[in-house]
**Q** 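Can you keep this structure in mind? I'll have questions shortly.
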Amino acid sequence: MRIAEISPDLRPGLHESQSEVLEEIESSIKEAERLSPENSSNSKETTNLCSKLQKSLSRLNSIAPLSKSSKLQIWKLSYRLWNACVDLSNAAGNRSSDEEQAKLRQISADLLFLAGDVPGIPSPAFKSASFFYKTGLIWHDLKKFDLAANCFEKATDLTSKTEVSELSDPGERKLLLDLNLARSRSAWEVSERNLALTLLNRSKSLLFGCPESYRALANQYLIFGKLILSKNNQTSAVNEALKLMNEGLDLCEKGLRSCKRADENLELKNLRSKSLRFMAAANLQSEDFESVLKCIRVLRESGGGAEQHPCLPVLAMKSWLGLGKHREAEKELRGMVLNKGIPESVWLSSVEAYFQATGMAGADTTKGVFLGLLERCHVSAGAAVRVAHVVVGSSGGEGSRLRAKVVAELVSDERVVALFDGELMAKERTAMHTVLWNCGADHFRLKDYETGAEMFEKSMLYVPHNVENRILRAKCFRVLCLCHLGLSQFDRAQEYIDESEKLQPNIGCAFLKFKIYLQKNEEKGAIAQIQAMASCLDFNPDFYALSAHEAIACHALPVAVASLSSLLNYYSLGKPMSTPEVVVLRTLLTLLSGNMGDEAEVLKFMKRAHTRMKELGPENFFGKGEVGRREGNWFAVNSWNNGTRMGKEKKYKLCAEFLELASEFYSVTIDVDEVEENRAMVCKSLILSVSANIAAEKQTGVALKESDLKQALQVLDRVGKMLSGTQLSADFKSIDPSLYFIYTLNAYDLQGRFDTSRSQQLLLVKNFASSKMCTPQHLLQIGLNAAQGGQHSNLEVSDYALNTCLSSLLNSPSPDYQTVALVVRKLIGLAGIQKGNADEDVYSVYKQAYRIMIGLKEGEYPTEEGKWLAMTAWNRADLPVRLGLIDVARKWMRIGLDLAQHVPGMQGYKSSMEDFLAEFEKKFNGIDCEDSRPQHAL
């Protein structure tokens with residue numbers, strides 16, 4: 001683009017004069033002079049004014065060169081603008097300058113910088129540098145460190161042209177030092193630490209022997225050292241801070257030597273003392289205790305008021321403690337008592353530090369220091385609380401007990417108690433009570449009841465005797481009762497609980513009285529107190545559960561049973577309870593089961609559990625899922641165990657009832673799988689319960705009622721259905737075969753009491769005989785029972801059972817011939833009863849016996865039984881011979897002889913039998929029956 005094409009209003013510098021721009025600047029400065037603090041703080045008006053001035057300054061800068069008159073006018077305008085900003089700041093008072101005012105000052109400084117040297121104005125560069133320095137300070141306060149650094153750098157450039165040695169004006173010298181210090185602070189803020197320290201080192205050449213300059217530079221070293229300490233506790237940081245403080249300390253010493261008047265060294269001495277104190281603190285932080293003591297020694301030897309600073313005894317005491325010299329530390333601490341000017345907070349912190357380092361060894365000293373302070377100066381109640389809290393410390397060990405003793409002596413001192421008098425001390429009294437109460441509670445938890453009781457007693461010194469605090473006093477009496485219970489001082493405990501009840505009767509007092517009765521082994525009183533608890537206004541049934549726990553712990557089982565029994569009464573009311581009813585019943589039954597002779601009570605509560613289970617439903621009573629299964633199984637197993645135990649003890653009536661309950665609990669439906677698993681136990685329980693009832697009938701001699709018989713039959717019918725079919729092998733693999741046998745015997749017995757049941761008896765036995773659980777011994781016993789005389793005998797069942805038994809025995813790989821012989825003998829007797837002595841069935845039994853004996857080894861079949869068979873068979877021929885029944889007689893004689901041939905020891909009998917039978921056969925047609933009977937009948 002050509003110059004000719006540029007719009008005229010875009011080329012102001014070519015057409016407008018310096019005067020026009022200066023007039024605009026002056027106009028803007030007049031607006032600034034009219035500003036007030038209210039409308040200047042970051043307002044739109046001030047912002048627009050700054051923008052206008054910056055544009056005017058930019059245009060003025062483009063017009064070169066400036067005339068002398070213009071430069072002079074710029075100087076005047078700059079001062080007017082600066083003065084306007086000063087007026088605004090003064091009018092604003094303590095309020096800090098805002099950013100817009102800082103911008104106005106920046107413009108004022110830039111104007112001076114633009115004007116440069118003006119004839120007639122002395123030291124124009126320093127005046128301009130002063131503006132930049134002061135503006136930089138404002139930017140620094142506003143945290144605009146980059147702008148501040150820029151101002152300080154411009155000021156430095158303006159003053160760098162002058163040789164330092166040529167400066168004679170104190171103000172200019174001071175400006176050079178202040179400028180360097182300001183630049184150093186700004187560099188420190190933006191983490192340019194090396195630059196900051198370099199600038200401080202440069203400042204050493206700008207002191208000009210002025211004490212104030214030494215003080216300013218030393219103070220800056222100290223400030224930087226403190227900043228390092230405040231941000232970093234590492235050893236390297238502490239060493240760096242100490243190095244800077246040392247520099248400041250050296251500057252203080254040099255500054256003091258440069259002082260010509262006495263009044264000039266006061267601030268330097270104060271700064272020197274301050275530096276030494278911070279150096280001592282830094283050395284303490286790095287645990288260089290010797291250096292700390294050295295600093296303190298210098299401070300104290302220097303005289304004046306420095307040695308009176310409150311921190312010195314604290315620093316000295318901590319250093320002596322660090323060196324392990326407790327005696328010197330104690331001297332420092334006791335020396336503080338003599339110094340009335342030391343603030344309370346200082347000696348309190350000293351007491352804390354001393355006690356924490358010395359522990360129990362310093363407890364008496366701490367107490368003595370505090371009581372000494374009471375005599376010499378005013379000590380607040382808050383300080384007493386703090387000392388008590390420090391000395392009490394953490395609980396545990398013998399040292400804890402001794403600390404508590406010291407505190408007890410301290411807080412019971414009349415002078416200390418007097419500190420807490422008055423309504424204004426309510427907060428402090430509460431704090432002291434809390435400290436002592438917590439200490440007592442800690443020792444109580446550690447079972448140090450003696451110390452706990454002492455601390456609780458001392459805490460009551462800080463509880464006023466008024467209506468508002470009677471509840472707190474009652475609480476204190478109750479806890480003191482507990483302490484003396486722990487110490488087995490029951491009479492003292494009774495006194496305290498009586499006092500508590502006078503102030504605030506409640507369930508807590510009633511329960512503690514209950515505990516005292518327990519500890520005294522007064523079970524009747526404890527049981528009576530259980531009933532008294534219910535009359536308390538704040539009674540909760542949970543206290544019955546708590547009472548039961550206490551009674552169990554004291555082995556007072558009757559009391560525990562009474563508590564739980566009382567608790568059970570609340571469940572039937574439908575109230576929500578924290579402990580499930582099933583848990584209470586289980587606990588109660590556990591207690592009763594452990595005491596022999598309480599079987600009737602156990603049965604009563606077992607029945608109650610069964611009743612509640614029916615009322616609420618199994619899941620609501622026992623619980624759901626795995627919890628419910630465990631609870632249900634517990635009641636089932638315990639009913640079973642109690643039933644079997646009663647059976648062993650021959651308490652058959654109780655046994656029957658327990659087993660009936662066991663069957664009910666085993667039948668509970670929590671889930672299907674569990675029912676299947678428990679079917680066998682249900683079956684066992686039902687079988688044995690009926691057996692127990694029958695045994696009770698025989699034991700007492702009182703026959704069962706017809707209704708009881710029918711009910712027992714119904715139970716056994718249920719068992720029969722469970723045992724019948726294929727389920728027997730699937731669900732009852734674990735069932736004892738003897739139980740099936742017992743079931744069969746009981747069912748047979750009960751059915752036999754009804755005349756219409758004889759066919760059912762036979763069917764029952766046949767079903768049993770066809771099961772895998774049936775054994776020959778079972779059948780033998782059934783056969784024997786059925787053959788017994790009386791109205792309940794069933795010869796048909798006996799015959800079937802014995803024949804089945806014999807078949808089963810003979811089918812065995814190793815038959816028991818002793819039992820076989822017994823069955824044969826019983827079958828012979830049974831056949832004789834049914835058909836008579838000559839019945840063909842009797843003969844068939846003898847014939848079967850003969851076939852059994854054939855092929856056996858000698859003696860394998862019982863000899864005596866074999867002889868019995870041979871002789872009884874031979875003797876059965878006697879009657880037929882007498883009656884002339886030759887064929888029948890011949891049959892019996894032959895079977896007798898056949899049997900005798902297989903029985904050892906019958907050789908003599910066999911020869912006589914053979915001779916007689918041969919003679920009998922010869923005389924078959926003409927022998928007299930009377931003469932022809934066997935001669936060897938038994």
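These numbers were taken from a predicted model, which means no experiment stands behind them.
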**Q** Look at the aromatic rings of Phe113 and Phe132 and report parallel, tilted or perpendicular, splitting at 30° and 60°.
**A**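 Geometry flag for Phe132 against Phe113: perpendicular rings.
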**Q** Just by distance, do the side chain of Lys127 and the backbone of Pro122 share a donor-acceptor pair under 3.5 Å?
**A**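 Confirmed, Lys127 side chain pairs with Pro122 backbone.
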**Q** Between Lys76 and Glu26, is there a salt bridge with N-O shorter than 4.0 Å?
**A**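 Result for this pair is no, no salt bridge flagged.
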**Q** Between Glu212 and Arg215, does any NZ, NE, NH1 or NH2 come within less than 4.0 Å of an OD or OE carboxylate oxygen?
**A**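 Yes, this pair counts.
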**Q** Would you say the side chains of Ser89 and Arg105 form a donor-acceptor pair under 3.5 Å?
**A**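 Side chains of Ser89 and Arg105: pair found under 3.5 Å.
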**Q** Which of these, Leu81, Asn83, Leu104, Ile107, sits in a side-chain contact (heavy atoms from CB on, under 4.5 Å) with Ile29?
**A**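 Of the listed options, the one satisfying the test is Leu81.
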**Q** Do NZ/NE/NH1/NH2 and the carboxylate oxygens of Asp117 and Lys71 come within less than 4.0 Å?
**A**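 Looking at Lys71 together with Asp117, the answer is no, because their closest N to O distance does not fall below 4.0 Å.
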**Q** Taking the ring of Phe145 and the ring of Phe152, is the distance between their centroids below 6.0 Å?
**A**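 Not close enough - the centres of the two rings lie 6.0 Å or further apart.
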**Q** Specify the closest pair of heavy atoms between Leu293 and Ala316, including all atoms of both residues, with the distance to one decimal.
**A**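 Scanning both residues, the minimum pair turns out to be CD2-O, 4.0 Å.
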**Q** Is it true that Lys103 and Glu100 have a side-chain N and a carboxylate O under 4.0 angstrom from each other?
**A**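 Salt bridge flag = yes for Glu100 with Lys103.
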**Q** What's the shortest heavy-atom distance between Ile25 and Leu77, and which atoms?
**A**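 The pair with the smallest heavy-atom distance is CG2-CD1, 4.0 Å.
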**Q** Please check if the side chain of Ser160 supplies one atom and the backbone of Asp157 the other of a donor-acceptor pair under 3.5 Å.
**A**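 The answer is yes, because a donor-acceptor pair under 3.5 Å joins these two groups.
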**Q** Under a 3.5 Å threshold, yes or no: a donor from one side chain and an acceptor from the other, between Trp139 and Glu99?
**A**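 Not at all, the side chains of Trp139 and Glu99 share no donor-acceptor pair under 3.5 Å.
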**Q** Which class fits the ring pair Phe224 and Trp188: parallel under 30°, tilted 30 to 60°, perpendicular over 60°?
**A**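 Ring orientation of Phe224 relative to Trp188: parallel.
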**Q** Do Lys52 and Glu31 sit within salt-bridge range, that is, some charged N less than 4.0 Å from a carboxylate O?
**A**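 A salt bridge is present here (some side-chain N lies under 4.0 Å from a carboxylate O).
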